[in-house]
Amino acid sequence: MASRPRFWLFKSEPSAYSFEELQRDGTTFWDGVRNYQARNLMRDQMRVGDGVLFYHSNAKPPGVVGLAEVCREAYPDPTQFEQGHPHQDPGSSPEDPRWLMVDVRAREALGRFVSLDELKADPQLAEMGVVRRGNRLSIQPVSPAEWRRVVALSKRKLSV
DNA sequence: GCCAACGTTGGC
DNA sequence: GCCAACGTTGGC
């Protein structure tokens with residue numbers, strides 16, 4: 001079988017669920033993904049132990065705040081069946097669930113916050129999904145080199 | 001608040 | 001199957 005991604009970037013709006021909350025909770029279920037591409041990545045590629053860059057979107061500034069890992073593989077997202085839930089999907093049924101989620105567990109916070117500006121400015125990260133304009137995918141594969149680079153940046157003093 | 005990017009929906 | 005309309009994302 002071909003190699004699969006072992007690292008991911010998960011976007012979350014900190015006003016909805018922040019990395020600090022994940023650290024407090026320890027683990028959480030990643031409900032609410034309603035995009036087929038992101039669902040397929042979870043279903044087909046994501047495995048327990050995969051690394052997760054926790055990214056704060058719609059934040060000031062946006063950027064990567066911490067590390068986490070997948071701790072349970074894809075299973076049905078119950079919110080799709082909840083009456084009146086904002087993520088309810090009347091077209092999905094428990095017999096054939098359309099939407100899945102994984103569980104994630106907090107690892108450590110990064111040495112420091114690595115902003116989107118800094119990711120964009122780094123030539124080694126030019127191919128990273130999150131720096132590309134218009135990329136709205138909330139779950140993205142990250143290469144091993146990109147993972148190492150982001151972690152390395154977080155351990156380095158911010159050059160001004 | 002603006003708006004570009006992009007996914008989804010539905011008429012045809 | 002095309003594509004215009006619409007809704008959402010998310011940086012700025």
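Protein chains get the first letters and strands the later ones, always in sequence-line order, with residue 1 at the start of each. Keep in mind that the numbers below use all heavy atoms, side chains included, and drop hydrogens, waters and symmetry copies.
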Problem set entry | Sequence neighbours excluded, every pair satisfying ring pair (Phe, Tyr, Trp, His ring centres under 6.0 Å) that has a member inside residues 110-156 of chain A | A:Phe7-A:Trp147
For this session: Would you list the pairs meeting ring pair (Phe, Tyr, Trp, His ring centres under 6.0 Å) in which at least one residue belongs to residues 31-53 of chain A, sequence neighbours left out?
Result: A:Tyr36-A:Trp99
Exercise. Residues two or more places apart in sequence or in another chain: which of them pass salt bridge (Lys or Arg N to Asp or Glu O under 4.0 Å) with A:Arg107?
Worked result: A:Glu69
Would you mind writing out the side-chain donor-acceptor pairs for residues 121-131 of chain A within the sub-3.5 Å range, not counting sequence neighbours?
{"from": "A:Asp122", "atom 1": "OD1", "to": "A:Gln124", "atom 2": "N", "distance (Å)": "2.7"}
{"from": "A:Asp122", "atom 1": "OD2", "to": "A:Arg149", "atom 2": "NE", "distance (Å)": "2.7"}
{"from": "A:Asp122", "atom 1": "OD2", "to": "A:Arg149", "atom 2": "NH2", "distance (Å)": "2.8"}

Exercise. For every nucleotide of nucleotides 5-12 of chain C, 5' to 3': is a protein heavy atom under 4.0 Å from its base (B), only from its sugar-phosphate (S), or from neither (-)?
Worked result: --BBBBBS
Problem set entry | For A:Phe54, all residues meeting ring pair (Phe, Tyr, Trp, His ring centres under 6.0 Å), sequence neighbours excluded | A:Phe19, A:Trp30, A:His56
